[in-house]
Amino acid sequence: LLEFEHVDKYFGDTHVLKDVSLDIANGEVCVVVGPSGSGKSTLLRCANRLEEIQAGEIRLDDRSISDPGADINRLRQRIGMVFQSFNLFPHKTALENVTLAPRKVRGVDDDTARERGVDLLAEVGLSDQAASYPSQLSGGQQQRVAIARALAMDPRVMLFDEVTSALDPELVGEVLGVMRSLADDGMTMMVVTHEMGFAREVADRVVLMDEGRIVETGAPTPFFERPDTDRGAQFLSKLF
Ligand code: ATP
Ligand code: MG
């Protein structure tokens, strides 16, 4: 569904993605792990065309994302992205944050957008906070609004970049819980996280990046119990 084929990315002279190939299937949850600076965020950002690539191709549903002629606005509607910082609109309520893009970008009428927004807020456990402003919500609640907002565009795939890293520890679980139920509902997801419990329990596949390359990929159980590579073993030994 989301394919990276021999992708190379440079920032100036710095080669940050090196011949990265990865094919994420419909309904798959792919967790990307690796040391700081290994290129995890860059990989996600290339998938959403927030960054350009210098070689290779990225495709969503067999349509090129990386091609210069690609319809970026249309493609972005199909790729939901949630970041570490929630980036909600501060002067809009939770419900307005969720309904804004469908109304403005897609021209969905107010009532329909509202109905769907109410459902999405319920899905992330925030039915009673629809009228709250971001400043009135906890970090975990804001992040759940951000997830609902991304879902409002009915994306084909959801990208998550360390969405729990900025949260107080007691709020991490509620956000991971929402991600887990999305996965259970069959959403295709690419998740950069340090939450190895989540990786172990929810991922269909774990991808280890190091210095811009995918150095190991596998199902979580073998990955965590019997890494194939020295790099994998070394990465795990630092975690546990
Ligand atoms: P972390 O775990 O710290 O978030 P990461 O795996 O997400 O790290 P990236 O943010 O993708 O790593 O960075 C990969 C490399 O690209 C790093 O060497 C980083 O310094 C470099 N880099 C990232 N963004 C830029 C940029 N806008 N300009 C120049 N170099 C960049
Ligand atoms: Mg990062």
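In each ligand, atom 1 is the first atom listed, and ligand 1 is the first ligand listed. Each residue takes its place number in the sequence, starting with 1.
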Next on the checklist: Using a 6.0 Å cut-off, check whether atom CD of Gln136 has over 12 heavy atoms from anything other than its own residue.
Outcome noted: yes

Item to check | N/O separation below 3.5 Å, Ser38 to ligand 1 | outcome: yes

Next on the checklist: Keeping to distances under 2.8 Å, can you name the protein N/O/S atoms close to the Mg ion (ligand 2)?
Outcome noted: Ser41 OG

Next on the checklist: Closer than 4.0 Å and a protein heavy atom, does any atom meet both conditions relative to atom 19 (C) of ligand 1?
Outcome noted: no

Next on the checklist: One residue to check: Met209. Relative to ligand 1, which of side chain, backbone, both or neither has a non-hydrogen atom less than 4.0 Å away?
Outcome noted: neither

Next on the checklist: For atom 4 (O) of ligand 1, what's the nearest protein heavy-atom neighbour? Residue, atom name and distance, please.
Outcome noted: Glu162 OE2, 3.6 Å

Checklist entry - Under the criterion side chain to side chain contact (heavy atoms under 4.5 Å, CB included), which of Thr229, Val206, Val33, Leu236 is the partner of Glu216? => result Thr229

Next on the checklist: Any nitrogen or oxygen of Val16 lying under 3.5 Å from a nitrogen or oxygen in ligand 1? Just yes or no.
Outcome noted: no

Checklist entry - Any idea which heavy atoms bring Gln141 and Glu174 closest together, and the distance? => result N-OE2, 3.4 Å

Next on the checklist: Just verifying a value: how many Å separate Thr188 OG1 and Leu1 CG, rounded to the nearest 0.5 Å?
Outcome noted: 5.0 Å

Item to check | Nearest non-hydrogen protein atom, atom 27 (N) of ligand 1 | outcome: Phe11 CE2, 3.6 Å

Next on the checklist: Counting only heavy atoms closer than 4.0 Å, does ligand 1 sit against the backbone of Thr42, its side chain, both, or neither?
Outcome noted: both

Checklist entry - Ser66 and Glu57: side-chain donor and acceptor closer than 3.5 Å? => result no

Next on the checklist: Check this for me: Asp184, atom CG, are more than 12 non-hydrogen atoms of other residues, nucleotides or ligands nearer than 6.0 Å?
Outcome noted: yes

Checklist entry - Quick one: do Asp154 and Arg116 make a salt bridge, cutoff under 4.0 Å? => result yes

Next on the checklist: Counting only nitrogen or oxygen atoms and a 3.5 angstrom limit, does Lys40 reach ligand 1?
Outcome noted: yes

Item to check | Option whose closest heavy atom lies nearest to atom 10 (O) of ligand 1, chosen from Gly37, Gly12, Ser36, Ser41 | outcome: Ser41

Next on the checklist: Tell me whether Pro35 reaches ligand 1 (any heavy atom closer than 4.0 angstrom to a ligand atom).
Outcome noted: yes

Item to check | Pair Asp61 + Arg78: basic N to acidic O under 4.0 Å | outcome: yes

Item to check | Residue Glu211 excluded, over 12 heavy atoms near CD under 6.0 Å | outcome: no

Checklist entry - Under a 4.0 Å N-O cut-off, is there an ion pair linking Glu201 with Arg180? => result yes

Item to check | Electrostatic pair Arg114:Asp119 at N-O distance under 4.0 angstrom | outcome: no

